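Report on the following structure.
These figures come from a predicted structure and were not determined experimentally. Computation of the quantities below employed the complete heavy-atom set of this structure, encompassing side-chain atoms and omitting hydrogens, waters and symmetry-equivalent molecules. Labels below follow one simple rule: chain letters A, B, ... track the order of the sequence lines, proteins then strands, and each chain is numbered from 1.
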Amino acid sequence: MQERYEPNLIEPIAQRYWNEQRSFAAKEDASKEKYYCLSMFPYPSGRLHMGHVRNYTIGDVISRFMRMQGKNVLQPMGWDAFGLPAENAAMMNSVPPAKWTYDNIAYMKKQLQSLGLAIDWDREVATCKPEYYRWNQWFFLRMLEAGIAYKKTGTVNWDPVDQTVLANEQVVDGRGWRTGALVEKREIPMYYLRITQYADDLLQALDTLPGWPDRVRAMQANWIGKSVGVRFAFTHDIKDSSGKLIGDGKLYVFTTRADTIMGVTYCAVAAEHPLALHAAQSNPQLAAFIEECKQGTAQEAELAQQEKKGMDTGLFVTHPLTKEPVPVWVANYVLMGYGDGAVMAVPAHDERDFEFAKKYKLPLKPVVVPRSWKGRQFEESTEVLDGLARPSLKIQDEKNLDEFYFNWNNWVPRLAEHGICVKSGKYDDMDYDEAIDAIAADLKEKSLGDKQTQWRLRDWGISRQRYWGCPIPIIHCDACGDVPVPDDQLPVVLPEDKVPDGSGNPLNKDPSFYECACPKCGKKARRETDTMDTFVDSSWYFLRYACADNSKAMVDARVNYWLPVDQYIGGIEHAILHLLYSRFWTRAMRDLKLVKVEEPFTNLLTQGMVLNDIYFRKPAAGRIQYFNPSEIDVKLDDKGKPVGAVLRSDGQPVEMGGMGTMSKSKNNGVDPQKLVDEFGADTARLFMMFAAPPEQTLEWSDEGVQGAFRFMKRLWRSVYEHVNAGPTSKLD
RNA sequence: GGCGGUGUGGCGGAAUUGGUAGACGCAGCGGACUUAAAAUCCGCCGGGUAACUCCGUACCGGUUCGACUCCGGUCACCGCCACCA
């Protein structure tokens, strides 16, 4: 054993030994308690970043701890290898995404090994390999048979120049990020997975996951978005040009406030609603308005910022209880994708309806009063606002000091509170719950509605008009329709030699891929060229680790030994989609009797981001220039507080921008490879584990790394001294 | 607007079920070694005081022999979701 601590000498020796001995290969052993420790697998972007190092170090420490506790530990690793960045890199460098991806995997695997992680590399998977994605295809066909997968037309962002579908993030200010062309909404056929069928289960079962952070469970519950209310219909006799009643003469709406049904003064429908489209046929102005609503992105968050706009259709529907005519408006605040794309509007008790009614001078009608008014006399009156007569209700407060009344100058939140029904005929004096029960019962009796549960969650559209993904195993035949690829012809292999040029999916232009024979009738047919969303790949990789070598089946009995994952570690950014899809997919596999496990992840740790200082200069004209902290000298005052910073190369001051997530755009990243090369993996790992609790953000500090390095050196020396002192010691 | 979280020295953060607040690290200060520097090592390091049995865990109050920890309220910050009817 040598006196000097030289990690670059000793770490590779240990790593080679582990590799040769297969020290971390896990074997199923029913006599031992298993422990499955899983880190979210990386996208092979090219190099590891500090977030990876943190993630895998946390997992490795937990694995080590559990191994020392005598558990049979599995810690696998793989590659989330399909996806858009490979296509972009391909365009820039004229390299096929496959080559780019495999090269990156080779490099990053070396990096991971140099970190000394106790990974069982025998179980490595890469989602872009046919051995893996054939089971995506196989199980997709099983879901199709079971009715969990289905086809329907869906709305996408379409770039008319590139002839391609854009993800929401690729739409900037309503234009394609590459072409700058105005993005269109387009209806195209896509495959969907019926995750909504599992909505209630996915929501309820969140309570069985005490090992998950509260906020992640809350985020999932929000996303699923259960809401209980009443779905009912207004009636009408509006017919289309062929004389058919639109929607069978019913305009369905959903409401959580059925108690306000007597206060309805208009109905609002989404721009894409059949009634709106019908009215637009004879109304060019309305048609133009509908076109305007269709512009922009399919992203809902942006809709929330828009001003409320609408237009009268001139159509009327009949109120199901009062039989009064109710005007139908098109409104941009109504979403086609939620419920039936239509709402009943009660401007006296709903903020959005209020704002809309005020803008377009629509009537309003108060029908709910505070509970404190119960059993007391109130006065009806009319006030004139904006030249309109507005009905108001007044009451003396209990101390007879003031008058409380509805006034319609501004919205007040109290108007939306639950209360007592008034001016509602037979429902007068009923409280919220009672009124809803009574109204739902009456609507049911008329066969015009009932209580219903509505979900925010939508079915999962998995079709992507993209090349670098798992092909959807369907063949389109003019005679037989959509025919599944027979199991014995799986996998449908993605050709790996294509180089996308930005003008759509190369599979569309490759006859050797899309030309095929119909498996049913043998006639010439066309292969589906859409590929699957990459979230499909990551929805079950944790199952495959248990049986990665099985070429005959998707999963086998070993899955039931290892699953569920005892500890899952990864970024909070996957709190909703990846984790929800995985929970759904596992349930689908359970229902098709492939696995026993229902909840795949028992404990979840969402590790914090890695932050670093931000330094910049803001020139009088032009872009902000960011400087990497390694190029900066910080000035301290007497107490050691930072008071300023200068760029080392020119000695001139730079602005201190506080701390932010390490990113290319802020130029504040630290390359893990440099860190490992200089100080060794142990120092890097020690610092990361030590500087902050795993769930919290970690503030990078070069001095902190030095401290960890000093610690390692001291540790080395004390071992060295021990070895020299002890006559029989053979530590080296 | 809804939901979730967090507030402790100059800084990152400890404090297992309510029992010595500030572990450990960073920065800072003093010292040793050195011709000098780096590296390394030792000591000090919340505030106040001449001193202590003083004050101090965002703020106000409560429970308790005892509160960073439990309860009620306030303030501030962060994250996610959001015309969801």
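Across B:rA39, B:rC84, B:rA27, the shortest atom-to-atom separation from the side chain of A:Glu703 is found for B:rA27. Taking every side-chain heavy atom of A:Arg717 into account, B:rU40 is the closest of B:rA85, B:rG4, B:rU40. Side-chain atoms of A:Arg456 lie closest to B:rC84 of the nucleotides B:rC26, B:rC83, B:rC84. Candidate nucleotides B:rC3, B:rG12, B:rG25 were compared by shortest atom distance to the side chain of A:Ala692, and B:rG12 ranks first. Here B:rG12 is the nucleotide among B:rC81, B:rG12, B:rC84 with the atom lying nearest to any side-chain atom of A:Glu699. Closest to the side chain of A:Trp223, out of B:rG5, B:rA85, B:rA82, is B:rA82. Side chain of A:Arg710, nearest nucleotide from B:rG13, B:rU40, B:rG12: B:rU40. For A:Thr255, whose side chain is taken as the heavy atoms from C-beta onward, the closest listed nucleotide among B:rG25, B:rA85, B:rC3 is B:rA85.
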- After noting the C-alpha distance and the side-chain angles of A:Tyr266 and A:Phe356, does the key distance pass the ring pair (Phe, Tyr, Trp, His ring centres under 6.0 Å) rule? CA-CA 11 Å; A:Tyr266 66 99; A:Phe356 192 82; 5.6 Å; yes
- Task: For ring pair (Phe, Tyr, Trp, His ring centres under 6.0 Å), just list the numbers for A:Phe627 and A:Tyr615, CA-CA rounded to whole Å, side-chain angles, deciding distance to a tenth of an Å, and then say yes or no.
- Result: CA-CA 5 Å; A:Phe627 300 97; A:Tyr615 299 101; 8.7 Å; no
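Taking all atoms of both residues into account, the shortest heavy-atom contact from A:Pro213 to A:Thr606 is CG-OG1, 4.1 Å. Contact between A:Pro320 and A:Leu448 at its shortest, heavy atoms only, is CB-CD1, 3.8 Å.
Per the geometry, CH2 belonging to A:Trp455 stands 19 Å off C1' belonging to B:rA82, to the nearest Å. To the nearest angstrom, C1' of B:rG12 lies 12 Å from CG of A:Asp613. Rounded to whole Å, atom C1' of B:rU40 lies 13 Å from atom CZ of A:Arg4. Here the P atom of nucleotide B:rC81 and the CD1 atom of A:Ile224 are 15 Å apart, to the nearest Å. As a whole-Å value, the separation of A:Gln220 CD from B:rG2 P is 23 Å. The distance between atom CZ of A:Arg215 and atom P of B:rU6, rounded to the nearest whole Å, is 10 Å. Atom P of nucleotide B:rG13 and atom CG of A:Leu686 are separated by 17 Å, given to the nearest angstrom. The interatomic distance linking A:Leu203 (CG) with B:rC3 (P) rounds to 16 Å, in whole Å.
Under the 6.0 Å distance and 45° angle rule, A:Lys152 counts as a cation-pi partner of A:Tyr192. Cation-pi geometry between A:Lys308 and A:Tyr333 is satisfied (NZ or CZ under 6.0 Å from the ring centre, within 45° of the ring normal).
Using atom P as the reference point in both B:rC68 and B:rC78, the two lie 27 Å apart (nearest Å). When the C1' atom is compared between B:rC80 and B:rC29, the two are found 44 Å apart, to the nearest whole Å. The separation of B:rU57 from B:rA67, taken at their P atoms, amounts to 11 Å, rounded to a whole angstrom. The gap from the C1' atom of B:rG47 to that of B:rC33 amounts to 35 Å, rounded to the nearest Å. Atom C1' of B:rC11 sits at a distance of 29 Å from the matching atom of B:rC60, rounded to the whole Å. Comparing the P positions of B:rA27 and B:rU40 gives an interatomic distance of 10 Å, to the nearest angstrom. Atom C1' of B:rG9 sits at a distance of 14 Å from the matching atom of B:rC24, rounded to the whole Å. Nucleotides B:rA39 and B:rC45 have their P atoms positioned 24 Å apart, rounded to a whole Å.
Using a 4.0 Å heavy-atom criterion, one finds that A:Gln454 contacts no nucleic acid atom at all. Within 4.0 Å of A:Arg217, counting heavy atoms only, lies no atom of the nucleic acid at all. A:Val216 comes within 4.0 angstrom of nothing in the nucleic acid, heavy atoms only. Backbone-only contact: A:Pro693 has heavy atoms under 4.0 Å from sugar-phosphate atoms and none from a base. Residue contacts for A:Gly707: at a heavy-atom cut-off of 4.0 Å it reaches the sugar-phosphate backbone alone, with no base atom in range.
Taking 4.0 angstrom as the limit, A:Ser227 places a side-chain polar atom (N or O) nearer than this to OP1 or OP2 of B:rA85. Look at A:Arg231 and you won't find any side-chain N or O under 4.0 angstrom from OP1 or OP2 of B:rA85. For A:Gln696, a side-chain nitrogen or oxygen approaches OP1 or OP2 of B:rG13 to under 4.0 Å.
For B:rG9, the base is syn relative to its sugar; the glycosidic angle is within 90° of 0.
Pairing partner, B:rG12: B:rC24, with both Watson-Crick or wobble hydrogen-bond distances short of 3.5 Å. B:rG2: Watson-Crick or G-U partner is B:rC80, with both key distances under 3.5 Å. Pair assignment for B:rA51 gives none, since no Watson-Crick or G-U wobble pairing has each distance under 3.5 Å. Under the Watson-Crick or G-U wobble criterion, with both distances below 3.5 Å, B:rC75 is paired with B:rG7.
A donor-acceptor pair under 3.5 Å is formed between the side chain of A:Glu11 and the backbone N or O of A:Asp682. Judged by distance alone, with hydrogens and angles left aside, the side-chain atoms of A:Thr260 form no donor-acceptor pair with the main-chain N or O of A:Gly263 at under 3.5 Å. In this structure, the side chain of A:Arg648 engages the main chain of A:Ser630 through a donor-acceptor pair within 3.5 Å.
Residues from residues 340-361 of chain A lying near RNA chain B, meaning a heavy-atom separation below 4.0 Å, are A:Val343, A:Arg352 in numerical order.
Comparing A:Gly704 and A:Ala218, the nucleotide of RNA chain B nearest to each residue sits closer to the 5' end for A:Ala218. Residues A:Val334 and A:Lys713 both approach RNA chain B. Their nearest nucleotides, taken by heavy-atom distance, put A:Lys713 toward the 5′ side.
The side chain to side chain contact (heavy atoms under 4.5 Å, CB included) test with A:Thr57 singles out one residue from A:Gln607, A:Met689, A:His52, and that residue is A:Met689. The side chain to side chain donor-acceptor pair (under 3.5 Å) test with A:Arg231 singles out one residue from A:Thr255, A:Asp340, A:Thr453, and that residue is A:Asp340.
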